[in-house]
There are 2 protein chains.
Amino acid sequence: MKRFERTAVTLNDAFDCFAGQHLPAGAPATLVQQLRALASMHTVPRRQMTTLDVTRDHLVFVAHGPTKLVAFDPAGEGQIVAFQFCGDCLTLPREGLYTYRLVAIRAASLLVFEAEALRALERRAPMLNEVLARCSLAALQRTRANLVAMGRRSATERVASFLLSMREIEQVAQADGRTLTLEMTRKEIADCLGLTVETVSRQFSKLRDLGLIATPSRTQVRLSDPVRLAAQAGAFAPAA
Amino acid sequence: MKRFERTAVTLNDAFDCFAGQHLPAGAPATLVQQLRALASMHTVPRRQMTTLDVTRDHLVFVAHGPTKLVAFDPAGEGQIVAFQFCGDCLTLPREGLYTYRLVAIRAASLLVFEAEALRALERRAPMLNEVLARCSLAALQRTRANLVAMGRRSATERVASFLLSMREIEQVAQADGRTLTLEMTRKEIADCLGLTVETVSRQFSKLRDLGLIATPSRTQVRLSDPVRLAAQAGAFAPAA
DNA sequence: CGCCCTATTGATCTGAGTCAAATTATGTGG
DNA sequence: CCACATAATTTGACTCAGATCAATAGGGCG
């Protein structure tokens, strides 16, 4: 439960965080050095998207700040594919049928590897295999889970489970452990959940009327009754 | 009259097919032999699902016959995650939040590898890395594309793009190149697209009334006007 | 204070789900 | 080959969740 509070994360900090979470303990120092040399640091301001070479695949480690992976179709419509949080790894594929971009929900620090270079290193250091395989498998799992979730859930289920999963993730909760600060507008939440602003707003009102949440300010939400809230979230209550 | 099933794909046939498509040309014979020893052959009758050990991950190569990957939530509801066709590889994860099963749309032949054994072999033969990495990446791409498609598409868009993508895939098209034989019931199509039978049926009727398709029999569909059909499919018109 | 942006609330509209019934294949046994 | 049983498909009538359109109410800040 280490949290990365600092806003200015250096490459080395981020890399250490990455190494600690994803590299096996017995990794030789030279390999770690080689990897570090491949990493580049990107700081993405709130609501901005990454500006990476879209003709190449990248592996991205989210060192700090929540991000979302958005797919843009040829018509320029964006659709959220997945969320990533501090500590997650993801593959950012090159431009294809869709153009994928990583968007920072709040200011984010990313450790970026060019996939081709990584593969080359991997050939020389097979130890990396499992690391990378685990990353893509995890990403696949997340995306599949997301797909299922996206399938046929009601607006209430979406909003309730969104709030609960935010609580899981955000350690920015207040002392009472129930109040969280969403640094997102209703519009952003709506996009995340595939709903409209109005529907999200109505769901907030409904949950407030039911006494399950309170909204002291525009950005703060207090989960007054997490248990009944989880009931509203339906089958997809976060595993806690 | 049952469509004649090209039965009895042998393990060796299937493996050769796999090797041809996924193994690099320069793979040493001994490695190929080792891999072959890990493969097991599964023939899944139409509409049946795989019965694999759900406590283990598997890598599956679809040697013959279209299949779908279905996720069952704790309540037993199934949701389609992806389609695979002849030549595709996919990861079938062990039981977790969801239980994943591979369902044969028509009779299918699968080449199954136990993931742990494969990883062990991979450690000794790093050449496999790229093969497996490419597989998971492809699976991730498919799933992400599916997620986007699932996002906010109307029933008409879904059905139109479904028909067009079936044309891409099915080589069972008649001589005129426009008539295809769907070996799926409306129910199965509906599940695939996250719709109900009735809605699918209505969409077929609508497209028929518009003169874009014709339905000579229950299972046959002729794409009379693929261009206008693609227009109905919206932004997600299959590339080709 | 007035401006602009976000959020809420209300009034309709609409697409797809649901329920129910009619219609058409696909068998099956005689 | 026919009659009947059964399953698959189509169609119609109705409902409802969520989108859309439109108006109102707060902030934050110059």
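Owing to the predicted nature of the structure, the values given are computational and were not obtained by experimental measurement. Chain identifiers are assigned alphabetically (A, B, ...) following the order of the sequence lines, protein sequences preceding nucleic acid strands; residue numbering begins at 1 within each chain.
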Between A:Arg144 (side chain) and B:Leu140 (backbone), is there a donor-acceptor pair under 3.5 Å? no

In whole angstrom, give the distance that lies between atom [atom1] of [X] and atom [atom2] of [N].
X	N	atom1	atom2	answer
A:Arg208	C:dA7	CZ	C1'	10 Å
B:Arg158	C:dG15	CZ	C1'	11 Å
B:Glu183	D:dA8	CD	C1'	15 Å
A:Gln220	D:dG27	CD	P	14 Å
B:Phe204	D:dT11	CZ	P	12 Å
B:Leu207	D:dT10	CG	P	12 Å
A:Lys206	C:dT9	NZ	P	14 Å
A:Ile213	C:dA7	CD1	P	14 Å

Tell me which of B:Arg186 and A:Gln203 sits closer to the 5' end of DNA chain D, going by the nucleotide each one is nearest to.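 Comparing both residues, the 5'-ward one is B:Arg186.
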
Is B:Arg218 touching bases, backbone alone, or none of the nucleic acid, heavy atoms closer than 4.0 Å?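 Touches a base.
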
Base, sugar-phosphate or nothing for B:Ser217? Non-hydrogen atoms, less than 4.0 Å.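 Answer is nothing: B:Ser217 stays at 4.0 Å or more from every strand.
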
Listed in order of residue number, which residues of residues 193-201 of chain A have a non-hydrogen atom at under 4.0 Å from DNA chain C? A:Glu198, A:Ser201

Can you confirm whether or not the ring centre of B:His22 sits under 6.0 Å from the ring centre of B:Phe61? yes

Do A:Arg101 and A:Phe72 form a cation-pi contact, if we require the NZ or CZ to be under 6.0 Å from the six-membered ring centre and within 45 degrees of the ring's axis?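 Not flagged: A:Arg101 not positioned over aromatic ring of A:Phe72.
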
Got a salt bridge between B:Asp88 and B:Arg142, using NZ or NE/NH1/NH2 to carboxylate O under 4.0 Å? yes

Heavy atoms, side chains only, cut-off 4.5 Å: are A:Val81 and A:Tyr100 in contact? yes

Between B:Thr179 and B:Gln220, does any side-chain donor sit less than 3.5 Å from a side-chain acceptor?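 Their side chains do not contain a donor-acceptor pair, so the 3.5 Å distance test is not met.
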
Applying the side chain to side chain contact (heavy atoms under 4.5 Å, CB included) criterion to B:Val70, which one of B:Val103, B:Thr99, B:Asp191, B:Leu102 satisfies it? B:Val103

Which one, D:dT10, D:dG12, C:dT8, comes nearest to the side chain of B:Arg202? D:dG12

